[in-house]
Amino acid sequence: MRLIGLMELVFKKARNVSNFPPKKFTKPRPDAARLLAYDIISEVNQRDGYSNLLLPQALADSQLDERDRAFTTELVYGTLRMQGLYDYIFAQISDRPWSEIDRDIVDLARMGAHQIFSMRTPPHAAVSATVDVARKQLGESKGSFINAMMRKASAKSVDEWLLDVDHMKDDVSRLSIRYSHPEWIVSAYFDLLKNVELVEAELRSNNTPARPTLVSWPGSSTQQELVGLGAVATEFSPYGASFDGSPASLEIIRHRRAGVQDEGSQLVAHIFAQATEGLATTLDLCAGPGGKAALLAHIANVNGRDFVANEISEARAKLVKNVIGKYEVLVGDGRKISDHGRTFDAVLADVPCTGLGALRRRPEVRWRRTLKDLAPLLALQSELIDSAIDVLNPGGVFGYATCSPHFAETSAQVKYILKSHPELELMPVNGYLPPGLSEAEREGALSLWGHRHHTDSMFLALFKKKK
């Protein structure tokens with residue numbers, strides 16, 4: 001009996017982990033693509049970076065091959081786009097309120113969820129690879145937490161997680177979760193589209209990655225040149241072509257003979273140029289970063305007209321100068337444009353706005369903007385409108401443009417303009433629309449929608465100043 005008792009004591013001590021060195025974990029070996037994706041996502045979500053600026057530069061500086069670049073691009077944009085949905089799923093799993101979880105953990109969990117639910121990555125591979133990033137960047141304990149959360153999430157499909165959501169009677173709440181948009185944006189779409197199917201189509205469009213669109217600049221390049229490089233001509237813009245590769249790989253882009261610009265923005269510039277044909281001087285009041293200014297300046301140069309750009313940011317003004325060539329760039333607040341003592345025959349004010357029309361290309365905007373942003377933006381827009389009209393010559397044309405379909409930033413501002421400036425009259429855009437562009441008008445103004453026109457949801461209203 002004493003021998004048996006002694007043996008039990010020995011075995012008991014042997015089982016005591018304090019008598020053994022700590023367990024050695026295998027060294028994490030995260031792949032470069034996921035590491036880069038995590039760095040960009042955390043920079044955007046935690047330090048207010050812009051994915052459309054950070055990611056292209058990071059990819060250009062990386063050693064990733066084309067396949068990994070494409071993977072990283074989808075992982076970054078897709079995670080940022082759909083993170084509202086993933087937060088809903090993890091909130092059901094987490095024992096603690098998801099809003100109180102460490103933000104690094106949240107971003108990595110979202111990134112893993114996107115691979116599981118929206119990419120073709122096998123769940124076990126998505127979990128393992130994401131946990132490796134977590135262990136490398138955040139440590140073993142947080143890696144273990146992410147591992148547990150992702151394994152629970154991968155136990156069901158997205159549709160299974162959303163069974164209760166699909167039975168919600170409130171369409172705004174239901175669509176907000178399923179399509180990963182804040183409720184205030186969904187509600188704004190309902191104000192304009194009035195129809196649940198159309199709202200759903202617009203939300204779906206926002207979640208569909210936009211193909212890069214090139215723009216030819218008259219006098220420097222043509223649409224046909226872009227087509228010759230393998231791009232496909234845009235349906236409505238006479239200048240554009242969609243391109244599946246990296247625009248930076250094209251010599252015509254590197255040498256600034258052409259640019260990158262959504263077809264919706266091209267159409268705003270094209271229609272404004274047509275409406276102001278024959279007028280001698282044009283001002284682009286809010287020109288940065290220079291997309292519309294570049295196209296308008298090249299059109300003006302071909303037609304022998306004068307063009308001036310204005311931009312409040314000196315850094316963005318330099319970007320504008322790079323693409324408008326010989327023309328002048330003023331640096332200053334557009335609300336004080338009259339201080340220069342100059343007037344113009346045509347003025348375009350593409351005003352700062354919520355950016356709800358470009359959610360396909362700027363996925364983080366939906367999470368960064370709130371309803372509280374609207375009032376100060378509307379006030380700024382009204383001040384810029386008044387300043388633009390103040391320097392517009394009698395008989396001249398004013399263009400009011402936004403990259404937002406929101407009623408308050410579009411139709412309501414048109415009403416403000418007509419009420420506050422009786423010297424202006426609305427110019428219907430229908431005479432300037434390209435062939436085949438249908439369902440693109442709202443009360444006489446251009447109103448593009450992603451689900452209808454496969455462009456950013458741009459808005460443009462034209463006005464003529466009475467002589």
From R369 atom CZ to L374 atom CG, the distance as rounded to the nearest 0.5 Å | 9.5 Å

Between S411 and Y416, do the side chains contain an N or O donor and an N or O acceptor separated by less than 3.5 Å?
-> no

Is there a donor-acceptor pair closer than 3.5 Å between any side-chain N or O of R67 and the backbone N or O of F71?
-> no

Does S154 reach the main-chain N or O of M150 with its side chain, forming a donor-acceptor pair under 3.5 Å?
-> yes

Report the distance from atom OG1 of T410 to atom CE of M458, rounding to the nearest 0.5 Å.
-> 12.0 Å

Hey, does S221 have a side-chain heavy atom less than 4.5 Å from the side chain of L226?
-> no

Hey, could you give me the CZ/CG distance between R335 and L380, rounded to the nearest 0.5 Å?
-> 5.0 Å

Okay, side chain of H181, backbone of I177: is any donor-acceptor separation there less than 3.5 Å?
-> no

Check: M119 main-chain N/O paired with E74 side-chain donor or acceptor under 3.5 Å = no

Check the pair V215 / T234 against side-chain contact (heavy atoms from CB on, under 4.5 Å), numbers first and verdict last.
-> CA-CA 9 Å; V215 57; T234 44; over 6 Å; no

Please round to the nearest 0.5 Å and tell me the distance separating atom CZ of F236 and atom CG of L433.
-> 10.0 Å

Without hydrogens or angle criteria, can the side chains of Y179 and E200 be said to hold a donor-acceptor pair below 3.5 Å?
-> yes

Evaluate the side-chain contact (heavy atoms from CB on, under 4.5 Å) criterion for residues V260 and F243: first the C-alpha distance (whole Å), next the side-chain angles of each, then the deciding distance (0.1 Å), finally the verdict.
-> CA-CA 10 Å; V260 180; F243 184 67; over 6 Å; no

salt_bridge(R29, D132) N-O dist < 4.0 Å | no

Does a donor on one side chain and an acceptor on the other come within less than 3.5 Å for Y50 and R362?
-> no

Does E311 have any side-chain hydrogen bond (donor to acceptor under 3.5 Å, both in side chains) partners at least two apart in sequence or in another chain, and if so, which?
-> R316

Euclidean distance, W98 CH2 relative to I93 CD1, rounded to 0.5 Å | 8.0 Å

Report the C-alpha separation of L460 and L348 in whole Å, then their side-chain angles, then the decisive distance to 0.1 Å, and conclude whether the side-chain contact (heavy atoms from CB on, under 4.5 Å) test is met.
-> CA-CA 10 Å; L460 172 67; L348 175 67; 4.2 Å; yes

Compute whether any side-chain donor of one residue and acceptor of the other, for N195 and Y189, lie under 3.5 angstrom apart.
-> no

Could you tell me whether the side chains of D107 and Q46 share a donor-acceptor contact shorter than 3.5 Å?
-> yes

Got a donor-acceptor contact below 3.5 angstrom from the E160 side chain to the S157 backbone?
-> yes

Salt-bridged, K336 to D333, with N to O below 4.0 Å?
-> no

Can you tell me if Q266 uses its side chain to pair, donor with acceptor, with the backbone of S237 under 3.5 Å?
-> no

Hey, does the side chain of R110 reach the backbone of T79 with a donor-acceptor pair shorter than 3.5 angstrom?
-> no

Keeping the roles fixed (side chain from S128, backbone from A125), state whether a donor-acceptor pair exists under 3.5 Å.
-> no

Would you say the side-chain atoms of R257 and S220 include a donor-acceptor pair closer than 3.5 Å?
-> no

Student check: side-chain heavy atoms of P182 and W367 closer than 4.5 Å = yes

Keeping to residues at least two apart or across chains, list the side chain to side chain donor-acceptor pair (under 3.5 Å) pairs with something in residues 450-459.
-> E202-H451, E202-S457, R360-D456, R361-D456

Less than 4.0 Å between a side-chain N and a carboxylate O, is that true for K142 and D104?
-> no

Go through the steps for R178 and D159 under the test salt bridge (charged side-chain N to carboxylate O under 4.0 Å, His left out), then give the verdict.
-> CA-CA 9 Å; R178 177 164 273 284; D159 289 336; 3.3 Å; yes

Among side-chain atoms of Q223 and S216, is any donor-acceptor pair under 3.5 angstrom?
-> no

Has the side chain of K194 got a donor or acceptor atom that lies under 3.5 Å from a matching backbone atom of D191?
-> yes

Over all heavy atoms of both residues, which pair between L85 and V158 is shortest? Give the atoms and the distance, please.
-> CD2-CG1, 4.3 Å

How about V331 and I312: do any of their side-chain heavy atoms sit closer than 4.5 Å?
-> no

Please test K415 against E443 for salt bridge (charged side-chain N to carboxylate O under 4.0 Å, His left out), starting from the C-alpha separation and ending with a verdict.
-> CA-CA 11 Å; K415 289 180 172 61; E443 299 174 340; 3.7 Å; yes

Hey, is the main chain of R69 close enough, under 3.5 Å, to the side chain of T73 for a donor-acceptor pair?
-> yes

Report, as yes or no, whether the 6.0 Å neighbourhood of atom NZ on K321 holds more than 12 heavy atoms from other residues, nucleotides or ligands.
-> yes

Say whether Q115 and R120, considering side chains only, have a donor N or O and an acceptor N or O under 3.5 Å apart.
-> no

Test side-chain contact (heavy atoms from CB on, under 4.5 Å) on Y400 and Q381 and set out the steps.
-> CA-CA 9 Å; Y400 171 77; Q381 291 165 7; 3.2 Å; yes

Output yes when E183 and R174 qualify as a salt bridge under the 4.0 Å nitrogen-oxygen rule, no when they do not.
-> no

Within-4.5 Å side-chain heavy-atom neighbours: D31 and R34 = yes

Plane angle bin for W184 and H406 - parallel if under 30°, tilted between 30 and 60°, otherwise perpendicular = tilted

Verify the distance criterion only: is there a donor paired with an acceptor across the side chains of E364 and S51 at less than 3.5 Å?
-> yes

Side chains of W449 and L192 in contact at under 4.5 Å (non-hydrogen atoms) | yes

Taking atom types as modelled, find out whether S180 and Q83 have a side-chain donor-acceptor pair closer than 3.5 angstrom.
-> no

What distance do K292 atom NZ and L267 atom CG have between them, rounded to the nearest 0.5 Å?
-> 10.5 Å

